[in-house]
Amino acid sequence: MPTFSFCSPDDDLAQHAAGLIVASATSPDLADRLVVVPSLNLAPALRTALGRAAASRGYATLVPPRITTLDALIDSADLAHAVVPPARRLADLQRLLAVRGWFGGAPRWDACRAILGLADELSARLPEPLAEAGFMRMIEAHYRGRGARVAEPEARLVYEVWRAYARPTRGAP
């Protein structure tokens, strides 16, 4: 389980972090630890502080932890699909809907957020988009008959957005 600790801006961040890291260690081998810092500019000071903290604990040598930034950690993640930032997804959808003339021109941002929310909810519940016919049957079953015809254009729109973001290699909408 990850451990989180905060220090005041007046504290020496490297010394504070090093003290916590070494105090929680059961041996001088910290190779299985990961320390995420705001900037790699802090890494040299943290390594030096780790050495001092280890020496004060009686360790003659220290195998340091991996030190990285959150951005580098995300970039190194082995993802099946590229991550599209939420603001970009929202802007892309708004632009697509405006080009298609949905909502009588440029749609409101809250409508775009709602559509993306529905697409994300589908992604959370279903492993990948169904064929469109299967998706429409699911909508029809939900609305039972007449209501399905009313919801059909909106359902198709949500389906298209879901499919586009569930399979980013096909491109964003």
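We number each residue from 1, following the sequence as shown.
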Distance from [X] atom [atom1] to [Y] atom [atom2], nearest 0.5 Å?
X: His16; Y: Ile21; atom1: NE2; atom2: CD1; answer: 10.0 Å
X: Leu70; Y: Ile74; atom1: CG; atom2: CD1; answer: 4.0 Å
X: Leu93; Y: Leu116; atom1: CG; atom2: CG; answer: 5.0 Å
X: Ile115; Y: Gln94; atom1: CD1; atom2: CD; answer: 10.5 Å

Subject >> Donor-acceptor pair, side chain of Ser39 and main chain of Leu42, under 3.5 angstrom >> reply: no
**OP:** Output yes when a side-chain donor or acceptor of Arg57 lies under 3.5 Å from a complementary backbone atom of Val22, and no otherwise.
**Re:** yes
Which pair of heavy atoms, one from [X] and one from [Y], lies closest together, and at what distance?
X: Ala14; Y: Ala49; result: O-CB, 3.6 Å
X: Ala25; Y: Arg33; result: CA-NH2, 3.5 Å
X: Ala119; Y: Val161; result: CB-CG1, 4.0 Å
X: Leu46; Y: Ala18; result: CD1-N, 3.9 Å
X: Pro28; Y: Thr61; result: CB-O, 3.2 Å

Subject >> Option among Val35, Leu73, Val36 that satisfies the side chain to side chain contact (heavy atoms under 4.5 Å, CB included) test with Arg66 >> reply: Leu73
Original post:
Is Arg89 paired with Asp120 through a side-chain N to carboxylate O contact shorter than 4.0 Å?
Top reply: yes
Original post:
Under 4.0 Å between a Lys/Arg side-chain N and an Asp/Glu carboxylate O for Asp92 and Arg95?
Top reply: yes
**OP:** Group every Ile, Leu, Val, Met, Phe, Trp and Tyr by side-chain heavy-atom contacts under 4.5 Å, then state whether Leu34 and Leu30 land in the same group.
**Re:** no
**OP:** Check the hydrophobic clustering (I, L, V, M, F, W, Y; side-chain heavy atoms under 4.5 Å; chains of links allowed) and say if Ile67 and Leu20 are grouped together.
**Re:** no
Original post:
Any side-chain heavy-atom pair from Ser76 and Thr68 closer than 4.5 angstrom?
Top reply: no
Original post:
Is there side-chain contact between Leu90 and Cys112, with heavy atoms separated by less than 4.5 Å?
Top reply: yes
Original post:
Is atom CZ of Arg108 surrounded by more than 12 heavy atoms (other residues, nucleotides or ligands) closer than 6.0 Å?
Top reply: no
